Amino acid sequence: MDQAKDIKTSVPGGSPRHVAIIMDGNGRWAQMRGKPRLIGHQAGARRVRAIVEACPTLGVEYLTIFAFSTENWKRTQTEVAGLMGLFRRYISKEMQNFMREGVRVRFIGDRLRLDEKLRELMDDVEKMTDQNTRVNLTIALNYGGRDEVARATKRLAQDVSAGRIDPETVDETTLAGFLDTCVLPDPDLVIRTSGEARISNFLLWQSAYSEYEFIDTLWPDFTPEIFADVVGRYGVRERRYGAVS
Ligand code: FPP
């Protein structure tokens, strides 16, 4: 919180309204310290709060973070169970802080595979924070971009076969309305930490025109100052959305 207060506030060409982050590098952060990977995830979870709290100062209205992908189930049972426990503790522990800081929390991803206790906590925090307006935090949990498009297509097809939608009228807006992100603006800036330059199935549809920043810092070391620098660099980029300037 204190760090967030000290960071620069002006972004020359305007702030990205929506920033999405692939929080990578927790495992390496722990390994470099000779610790189990879960210690890295715990350090990563602690880092989330400072970044969320930096958003209003930087003019960022929406923050979306990639916490667990549809592919992350392939990790060891110990790591998956550790992460699920961490998500449960994180939500319970942060509930009051979300209220204090005016954070509205949403989740995207397929909830069906998550355990019941975690799903209840997710529902609770979404309901409890639904009047907050200072920051919109979206947590991608059991999320995959392809899976999201497939789930959306399935529901769209159900509406078509039930006669609720005329297939001739289906366009990009129709499909976007079935995505988990239907109430969110598209991300202006996608950041990935830890030096890897991949999208890893994150917001595939939504990031069609997003700017990308690949940062070497490992997620647990990603400070509000580094966040402010990256957001500041966005301000000097020129976005053309396929047009000629
Ligand atoms: C990628 O690092 C990180 C994850 C798969 C989990 C992200 C989770 C957190 C940041 C912590 C909890 C988040 C919340 C919202 C409570 P990695 O393990 O792939 O790192 P590596 O590439 O160094 O192995």
Side-chain angles (χ1 to χ4, degrees), residues 19-55 60 62-98 101 103-111 113-115 117-126 128-129 135-145 147 180 190-203 214-224 226-227:
V19 177
I21 307 184
I22 302 172
M23 308 178 290
D24 197 12
N26 297 342
R28 274 163 285 166
W29 186 92
Q31 273 156 8
M32 282 161 60
R33 288 161 178 76
K35 301 246 165 74
R37 295 175 57 82
L38 196 58
I39 299 292
H41 295 312
Q42 287 166 357
R46 283 195 296 277
R47 187 51 74 184
V48 171
R49 186 192 279 189
I51 299 305
V52 173
E53 289 178 0
C55 285
V60 174
Y62 293 84
L63 178 72
T64 298
I65 55 175
F66 204 1
F68 194 87
S69 76
T70 45
E71 289 72 39
N72 285 153
W73 297 103
K74 293 181 205 148
R75 296 188 175 203
T76 64
Q77 210 265 330
T78 311
E79 185 170 352
V80 170
L83 276 166
M84 293 300 150
L86 181 60
F87 298 141
R88 283 194 297 270
R89 287 194 302 282
Y90 172 81
I91 298 171
S92 311
K93 221 174 105 204
E94 288 297 303
M95 201 86 93
Q96 291 312 316
N97 196 49
F98 291 140
E101 295 291 326
V103 181
R104 178 167 186 174
V105 182
R106 297 179 177 92
F107 293 91
I108 54 171
D110 186 356
R111 300 180 192 207
R113 197 168 167 187
L114 302 173
D115 77 55
K117 176 73 192 144
L118 178 56
R119 289 203 314 250
E120 275 171 22
L121 283 164
M122 289 160 69
D123 290 343
D124 288 350
V125 73
E126 279 185 331
M128 193 164 163
T129 63
V135 191
N136 289 277
L137 172 65
T138 302
I139 303 177
L141 237 177
N142 193 29
Y143 175 86
D147 176 68
D180 298 347
V190 181
I191 301 170
R192 182 175 188 140
T193 58
S194 93
E196 310 285 348
R198 288 189 295 277
I199 314 177
S200 299
N201 206 7
F202 188 44
L203 301 177
F214 299 102
I215 309 295
D216 286 337
T217 311
L218 303 177
W219 173 253
D221 294 326
F222 188 78
T223 60
I226 300 172
F227 187 37

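Just so it is clear, the structure is predicted and the values come from calculations on it, not from any experiment. Counting from 1, the numbers follow the sequence of the chain as shown. In listed order, ligands and their atoms are each counted from 1.
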Which is it for Val19 and Val190 under the side chain to side chain contact (heavy atoms under 4.5 Å, CB included) test, yes or no, and what are the steps along the way?
CA-CA 6 Å; Val19 177; Val190 181; over 6 Å; no

Among protein heavy atoms, which sits nearest to atom 16 (C) of ligand 1, and what does the distance come to when rounded to 0.1 Å?
Tyr90 CG, 3.3 Å

Here's a test for you: under side chain to side chain contact (heavy atoms under 4.5 Å, CB included), which of Ile22, Ile21, Ile139, Ile108 qualifies with Phe66?
Ile22

Atom 9 (C) of ligand 1 [closest protein heavy-atom partner, distance rounded to 0.1 Å]
Asn26 ND2, 3.4 Å

Of the protein's non-hydrogen atoms, which lies at the shortest distance from atom 5 (C) of ligand 1, and what is that distance?
Asn72 OD1, 3.6 Å

When you measure from the side chain of Arg47 to the backbone of Ala43, do you find a donor-acceptor pair of N or O atoms at a distance under 3.5 Å?
no

Hey, is Arg46 touching ligand 1 through its side chain, its backbone, both or neither, going by heavy atoms under 4.0 Å?
neither

Just jot down the side chain to side chain contact (heavy atoms under 4.5 Å, CB included) partners of Leu38, sequence neighbours excluded, or say none.
His41, Gln42

Heavy-atom pairs closer than 4.0 Å: do any link ligand 1 to the side chain of Arg37, the backbone, both, or neither?
side chain

Among all protein heavy atoms, pick out the one at the shortest distance from atom 15 (C) of ligand 1; state its residue, atom name and that distance to 0.1 Å.
Ile65 CD1, 3.9 Å

Provide, to 0.1 Å, the distance between atom 4 (C) of ligand 1 and the closest protein heavy atom, together with that atom's residue and name.
His41 CE1, 3.9 Å

At less than 4.0 angstrom from any non-hydrogen atom of Trp219, what atoms of ligand 1 do you find?
10 (C)

Please report which non-hydrogen protein atom sits nearest to atom 3 (C) of ligand 1, along with the residue it belongs to and the distance in Å to one decimal place.
Met23 O, 3.2 Å

Considering only heavy atoms, does Trp29 approach ligand 1 within less than 4.0 Å through its side chain, its backbone, both, or neither?
neither

Can a cation-pi geometry be assigned to Arg113 and Trp73, taking NZ or CZ under 6.0 Å from the six-membered ring centre and within 45° of the ring axis?
yes

Just do the side chain to side chain contact (heavy atoms under 4.5 Å, CB included) check on Ile65 and Val48 with the steps written out, would you?
CA-CA 9 Å; Ile65 55 175; Val48 171; 3.8 Å; yes

Leu218, portion touching ligand 1 at heavy-atom distance under 4.0 Å:
neither

Quick one: which of Arg75, Arg49, Arg28, Glu196 has a heavy atom closest to atom 19 (O) of ligand 1?
Arg75

Look at atom 7 (C) of ligand 1 and say which protein heavy atom is nearest, naming residue and atom and giving the distance to 0.1 Å.
Ala67 O, 3.3 Å

Please confirm whether the backbone N or O of Glu79 pairs with a side-chain atom of Arg37, one donor and one acceptor, at under 3.5 Å?
no

With no hydrogens and no angle check, just 3.5 Å: does a side-chain donor-acceptor pair link Asn136 and Arg106?
yes

The one among Phe87, Phe66, Phe107 that brings a heavy atom closest to atom 14 (C) of ligand 1:
Phe87

Looking at Thr193 and Asp24, would you say the former's side chain and the latter's main chain have a donor-acceptor pair under 3.5 Å?
yes

Salt bridge Glu126-Arg111, side-chain N to carboxylate O under 4.0 Å
yes

Of all protein heavy atoms, the one nearest atom 20 (O) of ligand 1 is Gly27 N, 3.1 Å

Proximity flag Ser194 to ligand 1, non-hydrogen atoms under 4.0 Å
no

